[in-house]
Amino acid sequence: MAFHSFDKPNPFIGVGLRHPHYQQALDHQPEHLSFVEIHAENFFASGGITKQLLADVRNQYEISVHGTSLGLGSQQRVPPEVLEQFSQLVAFSQPCLVSEHLCFNRALIDNKLMHSGDLLPIPYNKASLELICGHINEVQDAIRRPLLIENLSAYLQPTELAAHAQDDMTEVEFWHAMCRQSGCGILLDINNLIVNALNQKVTNVEAEVTRILEAVSPEFVGEIHLAGFTDNKVNGFIVDDHGAQVSELCWKLYQKALKLFGNLPTLVEWDTQLPSWETLTAQSDRAYKFAKENG
Amino acid sequence: MDYQQLLINSIFNQQGGNSSALEIYQNNYVENAINALSISFPTLLGIIGEPDFRKIAFRYAKQFPKSSFDWAEFGTSLSEFLQQEEMFENLPYLSEIADFDWRRLWIERAPDETFSADSFALLQQYPPSELRFRPAAGLQKVEYFFPIDTFYDFCQLDDQNSEQKQTLLLSLKKAINDAIKQPHLRSFVLWRHQAKAQFEVHSPLYCNAFDKLLDDASVEEVLATLEKSPEQMHHWLQSVIAKRQVVAIEKRSTSADE
């Protein structure tokens, strides 16, 4: 299944483009950097500097649009005006990839919508599946192309709050069912798998993530995310802060993923405690090297 | 409540017992809210400093739960909130600073308007009663009691300009006292030029012209507000074009057109 809209170079490596790097990204395009990922909501403004910047970036790089606020697993539908903003951004930026997250983020409390602005876990059951597939289809219909849905790092099991919010399938079974039912693909975030395994106090993290990677059907995977995290634990949890270079374990598992899935569009994320543009793109160079070795 | 409502309610109302996992989501909401507000309200942050700004943002985030999808839309009621906060009743200018920051943010996000030099030739072709000014992106007029322009200038100075900053601080204190003792409204015109929100203080005479312009009046009606002083009319017209406060002249639609 093709989740990208063109014949991509091989390897096809990108980085998350964040505000402090805008100018350097335009001035210094590294040889092996093919695309940049933007967070959709940062470019929702109807005019002004961000729109101009997006036009400039589009002239130099392929763009991946990564939504962070649609919360497609929420009970409430995405409002038409937000869907319109998202669709307009996709139409304007002509991205090579469009993605969102496997999460919910809002609910009606006392008849008032509250939007957490976060990526919150959903139970892996049939009710969640129906809900998210319906919302994925609405977005796909609006943008007229398939979405990639990113696996989540989660600190909470839904049953900790509500006993009825039980899983009735594994996470990977849920991904597969979601892809079959909606036609979307998976954005496989290897760092999220690592963070989850660490927070679940799994004895052998590498083996656990490898087990998950081997369980995923390659036909559904459309992109890979790589990232690192800072060592500071909060309340005993590793926080998925994308605040450090890609961890060595993540690199190791990336090489396994390349063997399992072939060379896929791969993105290095670094969102907090941002490094220099050179340090960031040295990470994407490393991803390029591994992908090149894979063939 | 179902699971999703329980989790959202726990995040916004900081409830949920002793769950350390829940605390991460609760903290994320607060920190994301503080971060979003600090981006949207840079002058307010600069004037009160980070510790007090965090207190304001925390209280605001609790009282006005985020409902928008875009963090940039979070903060719409901050100005009103500051007016009502007892904690800041001795700092009455904060509400106006927040209003100023919010307007600047949305002016910078307003739909683009393209300057058309050629369009001004219409002034030679049609009577001014049939023409209108096309305003710059986000053009608006607002009135404040406090010297918002000086607050803004103060925040633009970095600590290396300590002498200049000290001088400005003294004039700021005096201007604040004057505004409290003898309150009178000062009119500001805000607009966007070259991607950045601009502003300037205007005399009542020029403000009348801007009021008319923003009211979609004809060129004739706008200029009529300045007709007692042809020199000022000429100056105003030159100025609004040079500063790109208007970007074009266009034919007004009339009922006959429709």
Side-chain angles (χ1 to χ4, degrees), chain A residues 19 40-42 44-53 67-71 73-76 78-79 81-82 85-86 104-110 112-123 127-128 131 154-166 199 234-237 239, chain B residues 1-13 15-37 39 61-62 64-74 104-114 136-138 192-197:
Chain A
H19 186 265
E41 296 71 18
N42 293 345
F44 269 4
S46 44
I49 190 75
T50 52
K51 196 154 193 190
Q52 182 54 52
L53 176 94
T68 63
S69 73
L70 299 186
S74 305
Q75 296 281 353
Q76 279 68 39
V78 179
E81 63 276 14
V82 176
Q85 280 179 306
F86 193 79
F104 85 101
N105 57 18
R106 59 192 182 278
L108 283 177
I109 306 292
D110 298 331
K112 191 177 170 192
L113 183 75
M114 294 189 181
H115 190 298
S116 67
D118 208 336
L119 309 170
L120 307 173
I122 58 174
S128 298
L131 199 59
Y155 312 105
L156 182 90
Q157 296 300 317
T159 46
E160 288 178 46
L161 269 186
H164 64 270
Q166 287 176 340
N199 285 335
V234 177
N235 292 347
F237 288 92
V239 176
Chain B
M1 279 192 187
D2 67 14
Y3 156 68
Q4 295 196 359
Q5 288 174 312
L6 280 169
L7 182 48
I8 292 292
N9 194 43
S10 303
I11 290 170
F12 282 98
N13 296 317
Q15 294 166 349
N18 297 321
S19 167
S20 49
L22 205 50
E23 275 181 26
I24 293 180
Y25 293 116
Q26 290 166 340
N27 290 343
N28 276 355
Y29 170 64
V30 171
E31 288 304 320
N32 286 335
I34 292 170
N35 184 50
L37 293 175
I39 292 167
K62 289 208 38 160
F64 291 86
K66 177 176 180 278
S67 59
S68 60
F69 281 61
D70 184 352
W71 275 109
E73 292 174 25
F74 180 67
R104 284 174 47 82
L105 173 74
W106 284 91
I107 286 169
E108 292 187 352
R109 295 168 65 90
D112 296 330
E113 294 286 355
T114 308
R192 188 173 83 217
H193 178 45
Q194 292 183 338
K196 209 168 170 348

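In the text below, chain A, chain B and the rest are named by the order of the sequence lines, each starting its count at 1.
In this structure, His164(A) and Met1(B) approach most closely via the heavy-atom pair CE1-O, 4.4 Å. Across all non-hydrogen atoms, the minimal contact from Tyr3(B) to Ile122(A) is CE2-CA, 4.3 Å. The two residues Leu6(B) and Leu161(A) make their nearest non-hydrogen contact at CD1-O, 3.6 Å.
For Ile11(B), the part lying under 4.5 angstrom from a heavy atom of chain A is the side chain only. Neither the backbone nor the side chain of Asn199(A) has a heavy atom closer than 4.5 Å to any heavy atom of chain B. Heavy atoms of Phe44(A) lying under 4.5 Å from chain B belong to its backbone as well as its side chain. With a 4.5 angstrom heavy-atom cutoff, Phe12(B) touches chain A only via side-chain atoms. In this structure, no portion of Ala40(A) lies under 4.5 Å from any heavy atom of chain B. For a residue to count as touching a neighbouring chain, one of its non-hydrogen atoms must lie under 4.5 Å from one of that chain's; by this rule Gln5(B) touches chain A with backbone and side chain alike. Contact of Ala110(B) with chain A is made through the backbone alone, with heavy-atom distances under 4.5 Å. With a 4.5 Å cut-off on non-hydrogen atoms, Thr68(A) does not touch chain B at all. Looking at Glu160(A), the atoms closer than 4.5 Å to chain B (heavy atoms on both sides) all sit in the side chain, from C-beta outward. Interface residue Asn9(B): backbone and side-chain heavy atoms are both found under 4.5 Å from chain A. The contact between Val234(A) and chain B is made by backbone and side chain atoms together, counting heavy-atom distances below 4.5 Å.
Your options are Leu7(B), Asp2(B), Asn28(B), and the one with the most heavy-atom pairs under 4.5 Å with chain A is Leu7(B). When each of Tyr29(B), Tyr25(B), Trp71(B) is scored by its heavy-atom pairs under 4.5 Å with chain A, the top score falls to Tyr25(B). Ranked by heavy-atom pairs under 4.5 Å with chain B, the list Gly71(A), Gly48(A), Pro123(A), Ala165(A) is led by Gly48(A). Put simply, of Glu108(B), Arg192(B), Lys66(B), the one with the most heavy-atom pairs under 4.5 Å next to chain A is Lys66(B). Taking chain B as the reference chain and counting heavy-atom pairs below 4.5 Å, the highest number among Ala154(A), Ser116(A), Ala163(A) is found for Ser116(A). Annotation: maximal heavy-atom pairing with chain B below 4.5 Å, among Glu41(A), Gln52(A), Gln75(A), Lys112(A), occurs at Gln75(A).
The distance from atom CG of Leu156(A) to atom CD of Glu23(B), rounded to the nearest 0.5 Å, is 12.0 Å. Atom OG of Ser10(B) is separated from atom CD1 of Ile109(A) by 8.5 Å, given to the nearest 0.5 angstrom.
Panel note: side chain Gln4(B), backbone Gly73(A); a donor-acceptor pair is recorded below 3.5 Å.
Partners of Leu113(A) under the side-chain contact (heavy atoms from CB on, under 4.5 Å) rule, at least two apart in sequence or in another chain, are Gln76(A), Arg106(A), Leu108(A), Phe69(B). Every residue two or more places apart in sequence or in another chain that forms a salt bridge (charged side-chain N to carboxylate O under 4.0 Å, His left out) with Asp70(B) is listed here: Arg109(B).
Around NE2 of His19(A), the count of heavy atoms belonging to other residues, nucleotides or ligands within 6.0 Å does not exceed 12. The environment of CD in Gln194(B) is sparse: at most 12 heavy-atom neighbours from other residues, nucleotides or ligands sit within 6.0 Å.
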